Amino acid sequence: MSQLIPFEMEVRVELVSDLHIAGVGRTAALVDRCIELDAQGRAYIPSTAFKGRVRAHYERLMRALGYDMKVCKPPAPQNMCHNPAKLCPACALFGAPVQQSRVEFTHLTPVEEKAEPTTRIGVGVSRQLNTVEQGRLFFYEAAPSAHYKTFTGVVRGWATETELTHLIAAMRLITHFGGQKARGLGRARVQVQQVWLQQNGAWNAHDPQTLLQHLKEASHETL
Ligand SMILES: [Zn+2]
């Protein structure tokens, strides 16, 4: 196995449309689905949602590059890799029931101060019949993208140089966060701002673009 390098990445998310990430701890009058807010009342993207999105795109990328993803189908633990000696590349990095994760994600927190969530109206759709159910209006909150423009967070852990490159590429494939995607919510652009690698006992800054260049060259070789 290639050498594991301790790393830290600074990630910046530009929100393009209003964001809906369902919260569990809040209720509001006449609102069916509230959004997640932090202790200061600001909208944010929880680390679990952040990690989930990155992992989904990492898996897509691995398939596109021809890696053997076994029969691994997260997030249900019973459908994920169970043999620690034969993990798919995603379980090896992000963890599985039998394997601790090598990457840790912080919450993505807004640069902006708090703002009142907007309330939107949706019409319930019965998935079985694919028709609009009469009278099934529901109200849900969203974090307004007119106010919340930028979220930042950190990803850190241990990875090989190849995994790091794939991780950066996977983040750039992300197009949205949260729910109500079909209604156009949560569209976002993700950029890795800076990558820090611990090499020979010292932390050195690297340009993500340079690391991605290696992936470009590698993927052209396999095509
Ligand atoms: Zn797996």
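Predicted, not measured: the structure shown is a model, and the values here were computed from it. Order of appearance sets the numbers: ligands from 1, and atoms from 1 within every ligand.
Side-chain contact of Q199 with H206: a donor-acceptor pair under 3.5 Å is present, judged by distance alone.
The salt bridge (charged side-chain N to carboxylate O under 4.0 Å, His left out) search around R63 returns none, not counting sequence neighbours. H176 is linked by a side chain to side chain contact (heavy atoms under 4.5 Å, CB included) to R53, K181, counting only residues two or more places apart in sequence or in another chain.
Looking only at distances, a side-chain donor or acceptor of T118 sits under 3.5 Å from a matching main-chain atom of A142. Listed for the T106 side chain is no donor-acceptor partner under 3.5 Å among the backbone atoms of G153.
Screening residues 27-38 for salt bridge (charged side-chain N to carboxylate O under 4.0 Å, His left out), with sequence neighbours left out, gives D38-R42.
Protein atoms that are N, O or S and lie under 2.8 Å from the Zn ion (ligand 1) are these: C72 SG, C81 SG, C88 SG, C91 SG.
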